[in-house]
Amino acid sequence: MGDGIQWLVGVTTSSGWMLDVHFARGIGVEELARRMGATLGATAEPMTDAEMDGLDIDAYPDRGPGSAVIRVGEDAGWAFALTYGPYIERLAEVSQDGVEAVHYHYNSEHPPTIVLYARDGRTVCGFGLCEERHRYGHEPDLLLPDLVAAGILRPDGETYRAADIGIGIDDYYARKRLGLAVFEDRFGLSLPRSALAEDPLPVYAIMGSPAPDFEEISAWAAANEQPLPDPHLRLIPASLRNDYERATDPQW
């Protein structure tokens with residue numbers, strides 16, 4: 001038995017502010033990476049979550065060239081991709097051709113942390129944690145029986161009943177665990193805790209690669225004893241780009 005996904009409540013990557021995971025059942029990790037936008041074969045050496053912090057990935061698309069990478073692995077029959085960079089929704093692409101997919105996107109405030117299930121290129125169902133009465137997808141009530149059985153909602157699909165099972169309405173941590181347990185139990189989802197700790201996993205660029213001026217900036221970095229960008233990911237870290245522009249733009 002794996003670690004499940006209930007432990008994800010409140011957890012972030014080394015970025016300190018986000019956790020975004022696409023799961024896929026029916027394809028392997030390389031195909032998941034391809035569907036997420038990677039060029040196969042252009043993988044870097046496996047890296048831990050902590051090492052990702054050194055890549056200087058752009059968190060906000062309007063503040064950099066829009067780079068993003070994923071670390072990929074497999075657990076409990078599901079391939080998974082942890083995203084580092086701006087928010088990216090790839091459910092439709094990942095779930096093509098009969099593949100099942102789940103997207104977990106953590107948000108510390110509002111809108112809530114969202115969990116969505118897709119199949120055959122369309123979102124089937126999903127909800128926000130602690131906002132389960134608002135359900136989404138082509139079959140929004142697919143998980144309603146599970147939500148009722150878990151003690152989250154009454155059969156009307158509108159009324160919360162956490163208090164009935166000894167959970168206070170303001171105990172958001174416990175309520176979010178209940179919501180994740182619905183997905184964990186229904187689909188057998190699991191993400192190993194080690195994926196955000198000591199496990200080095202393959203890394204692929206899914207946005208911003210190859211940078212059009214990769215060779216030019218790499219040559220400047222080498223000549224000026226700056227850290228060289230990864231030749232496999234072919235991304236230019238925002239900090240290196242800023243240093244290069246300051247050094248080569250006459251206005252500086």
Side-chain angles (χ1 to χ4, degrees), residues 2-24 29-30 32-33 36-38 42-76 78-90 94 102-109 111-115 129 172-173 176-177 180 184 189-209 211 221 226-243:
D3 292 329
I5 60 171
Q6 296 177 53
W7 68 273
L8 297 181
V9 173
V11 171
T12 67
T13 62
S14 57
S15 67
W17 65 275
M18 71 170 288
L19 177 60
D20 190 283
V21 192
H22 283 76
F23 297 88
V29 293
E30 287 195 352
L32 173 58
M36 289 289 293
T43 181
E45 290 296 318
M47 300 174 71
T48 65
D49 175 68
E51 290 171 329
M52 298 300 292
D53 194 45
L55 288 181
D56 197 14
I57 299 301
D58 300 313
Y60 301 96
D62 58 347
R63 300 184 190 176
S67 57
V69 302
I70 55 174
R71 296 170 62 238
V72 297
E74 195 165 6
D75 192 43
W78 289 83
F80 62 82
L82 294 151
T83 301
Y84 298 77
Y87 172 79
I88 298 173
E89 174 63 80
R90 292 282 199 274
V94 171
V102 172
H103 186 192
Y104 171 88
H105 181 72
Y106 167 74
N107 196 340
S108 61
E109 296 181 4
T113 295
I114 297 290
V115 194
L129 300 183
Y172 297 111
Y173 180 83
K176 289 174 182 178
R177 283 186 64 93
L180 286 179
E184 179 181 300
L189 281 173
S190 181
L191 182 74
R193 294 175 185 266
S194 56
L196 292 179
E198 71 274 9
D199 276 2
L201 298 174
V203 180
Y204 292 88
I206 60 172
M207 285 177 58
S209 177
Q226 297 290 321
L228 298 179
D230 189 284
H232 300 287
L233 296 180
R234 298 183 67 80
L235 297 171
I236 299 297
S239 58
L240 176 59
R241 182 175 294 280
N242 288 339
D243 291 342

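Just so you know, these numbers use all the heavy atoms, side chains as well, and skip hydrogens, waters and symmetry mates.
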Are [X] and [Y] side-chain neighbours, meaning at least one heavy-atom pair lies under 4.5 Å?
X	Y	answer
Leu82	Ile70	no
Val203	Leu233	yes
Pro200	Thr48	yes

Distance-minimising heavy-atom pair for [X] and [Y]:
X	Y	answer
Leu235	Met207	CD2-O, 3.3 Å
Met18	Thr83	CE-O, 3.7 Å
Arg241	Ala211	NH2-CB, 4.1 Å

**Q.** Those residues that, when tested against Arg90, pass salt bridge (Lys or Arg N to Asp or Glu O under 4.0 Å) (two or more places apart)
**A.** none
Q) When you look at CD of Glu30, are more than 12 heavy atoms from neighbouring residues, nucleotides or ligands closer to it than 6.0 Å? A) no
Q. Does Glu198 CD have over 12 foreign heavy atoms under 6.0 Å away?
A. yes
Will you find, in the side chains of [X] and [Y], an N or O donor that is under 3.5 Å from an N or O acceptor?
X	Y	answer
Asp199	Ser194	yes
Tyr84	Asp49	yes
Asp3	Ser190	no

Q | All side-chain contact (heavy atoms from CB on, under 4.5 Å) counterparts of Ile114, not counting sequence neighbours | A | Pro112, Leu116, Tyr136
Q: Kindly write out the residues that satisfy side-chain contact (heavy atoms from CB on, under 4.5 Å) with Ala24, not counting sequence neighbours, or none if the list is empty.
A: Ile27, Leu32, Val94, Val99
Q: Determine, using ring centers only, whether His105 and Tyr87 are less than 6.0 Å apart.
A: yes
Q) After noting the C-alpha distance and the side-chain angles of Leu189 and Tyr104, does the key distance pass the side chain to side chain contact (heavy atoms under 4.5 Å, CB included) rule? A) CA-CA 11 Å; Leu189 281 173; Tyr104 171 88; over 6 Å; no
